[in-house]
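Here is the structure we will look at.
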Amino acid sequence: MKTNAVSVSCRLVMAAGCVSAAVFGAHLAFAQDSKRAVEERDESQESANERYLADMQTLADTVQVTIGKGERRKAVKLIPMPLYRFSDLKRFISDGTVWAWGFAGRPVMMAEFHTGDRLKPEWGQWLVATSDMPVAAVIGGHGHWASAETEFKLLPISDIGAPAKSEAGRLRQMKRFTRSLSASSVWKDQRFELRLLPTEVYRYSDMGTGLIDGAVFVFTVDNNPEAILFVEAHQADSGEQSWMYALAQMSAASLTFRRGDTEVWAVPRSFGNATHYAFTRTVPSRVDTSDVKFPEKTIE
């Protein structure tokens, strides 16, 4: 009986081991399938992200920008990479980017491209002149746009000290100024407090024109860009150094900026004026616009 009991016990242990192995194997297979499914989703998402970034790159590539008028008109290059990428599902934006065109120094034009539905080919777009000189654009697959005498203006900053000698020190001064601003937007009777992105999206300088240092900051509703802030350190011919700032509208909503209790900048609700232009466009083929003449007047 003892032998039989041991034999039965061994068989039970072996059976339990087989069941445990089978259960472990099933769990392992499930885990592997789950991991494979997650990897496939990640690869699919990554592939979609790459495709839509390529679409936005095409949208940017097919905008040709110039600055100035007549014989003094000069072509302006696209800065190769987007300055900022975002999504805002609350406002039905599944993907979007901010781009800029410029030489050394501050960009002369910026643009936002975004889509609300990746299954539809139409993209919302926003161009804004960020220079005090007239800016024009030939927009592939869409037409022309030219800013009139732009409303973009630099304003003085008098209370953050002379520009520091180091880049790091100047950036600290810039950020101290940005944090002194509060901003809001109003859209369809709804008011939103704007959020300052913690890190600048672009840094620039042009000592040939006395521009010691500058940076681009973005104010958003959630992640959606509403306004662009430029903070710059300048040196006059006399050698005197000072700080300046300027704001640009990246939204159809009305915008208000304050320092303390003082309103420093406000713009009404608008889809286009002398400085910016909102429109929609599908992704065009890479059209050659080199022979297209730029208009001398604003085209709405």
Side-chain angles (χ1 to χ4, degrees), residues 53-85 96-114 123-154 201-206 208-209 211 214-216 218 225 227-230 232 246-251 270-300:
L53 180 57
D55 283 346
M56 290 183 279
Q57 179 77 60
T58 300
L59 292 169
D61 286 341
T62 53
V63 176
Q64 288 196 359
V65 178
T66 62
I67 187 170
K69 288 184 176 181
E71 295 180 357
R72 295 188 175 184
R73 191 190 302 276
K74 295 189 296 184
V76 185
K77 290 184 178 181
L78 171 70
I79 294 167
M81 297 295 292
L83 307 189
Y84 176 56
R85 191 171 186 181
T97 45
V98 173
W99 301 75
W101 287 256
F103 310 104
R106 182 191 332 114
V108 304
M109 192 181 83
M110 299 186 70
E112 176 187 326
F113 306 125
H114 66 258
W123 292 78
Q125 295 167 66
W126 188 274
L127 304 182
V128 58
T130 54
S131 170
D132 57 1
M133 296 176 63
V135 176
V138 171
I139 305 161
H142 180 76
H144 304 80
W145 175 73
S147 73
E149 295 303 321
T150 176
E151 296 173 357
F152 184 87
K153 294 179 180 178
L154 287 168
V201 298
Y202 189 63
R203 192 91 178 261
Y204 55 90
S205 64
D206 185 7
T209 63
L211 175 54
V216 179
V218 179
I228 306 294
L229 169 66
F230 302 85
E232 299 178 352
L247 286 151
Q249 191 171 3
M250 192 67 83
S251 168
S270 172
F271 285 95
N273 60 24
T275 303
H276 66 260
Y277 176 45
F279 61 102
T280 59
R281 178 171 58 138
T282 57
V283 179
S285 60
R286 293 181 178 273
V287 294
D288 180 8
T289 56
S290 58
D291 295 329
V292 178
K293 292 182 179 179
F294 287 85
E296 293 298 332
K297 296 182 180 180
T298 302
I299 295 179
E300 296 296 340

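None of these values were measured; they are calculated from a predicted model. When a residue number appears, it is its place in the shown sequence, counting from 1.
Interatomic distance, CH2 of Trp123 versus OG1 of Thr58, reported as 10.0 Å (0.5 Å rounding). Gln125 CD to His142 NE2: the interatomic distance, rounded to the nearest 0.5 Å, is 8.0 Å. Within the model, atoms OH of Tyr277 and OG of Ser270 stand 12.5 Å from one another, a figure rounded to the nearest 0.5 Å. Taking CZ of Phe113 as the start and OG1 of Thr280 as the end, the distance is 12.5 Å to the nearest 0.5 Å. Taking CD of Gln57 as the start and OG1 of Thr62 as the end, the distance is 10.0 Å to the nearest 0.5 Å.
In this structure, Trp126 and His276 approach most closely via the heavy-atom pair CZ2-CD2, 3.1 Å. Pairing each heavy atom of Leu59 with each of Thr282, the nearest pair is CD2-O, 3.9 Å. Closest approach of Phe152 and Thr275 over heavy atoms only: N-OG1, 4.2 Å. When all heavy atoms of Pro225 and Val98 are compared, the closest pair comes out as CG-CG2, 3.9 Å. Across Pro284 and Gly140, no two heavy atoms sit closer than the pair CG-O, 3.7 Å.
Listed for the Trp101 side chain is no donor-acceptor partner under 3.5 Å among the backbone atoms of Ala75.
In this structure Ala215 satisfies the side chain to side chain contact (heavy atoms under 4.5 Å, CB included) test together with Met174, Glu200, Arg203, Phe217, sequence neighbours excluded. Judged as a ring pair (Phe, Tyr, Trp, His ring centres under 6.0 Å), and not counting sequence neighbours, Phe103 has no contacts. Every side chain to side chain donor-acceptor pair (under 3.5 Å) that Trp99 has, sequence neighbours left out, goes to Thr97. Among residues two or more places apart in sequence or in another chain, the side chain to side chain contact (heavy atoms under 4.5 Å, CB included) test is passed with Met133 by Ile67, Ser131. With sequence neighbours excluded, no residue forms a side chain to side chain contact (heavy atoms under 4.5 Å, CB included) with Ser205.
Looking at heavy atoms from C-beta onward, Val218 lies in side-chain contact with Ile228 at the 4.5 angstrom threshold. Side-chain atoms of Pro82 and Leu53, non-hydrogen and from C-beta on, do get closer than 4.5 Å to each other. Side chains of Tyr204 and Val216 form a contact here, defined as non-hydrogen atoms less than 4.5 Å apart.
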Would you list the atom pairs, donor with acceptor, under 3.5 Å between side chains in residues 104-112 and any protein atom, with sequence neighbours excluded?
unit_1 : atom_1 : unit_2 : atom_2 : d
Arg106 : NE     : Glu232 : OE2    : 2.6
Arg106 : NH1    : Thr130 : O      : 3.3
Arg106 : NH2    : Glu232 : OE1    : 3.2
Arg106 : NH2    : Glu232 : OE2    : 3.4
Glu112 : OE2    : His114 : ND1    : 2.8

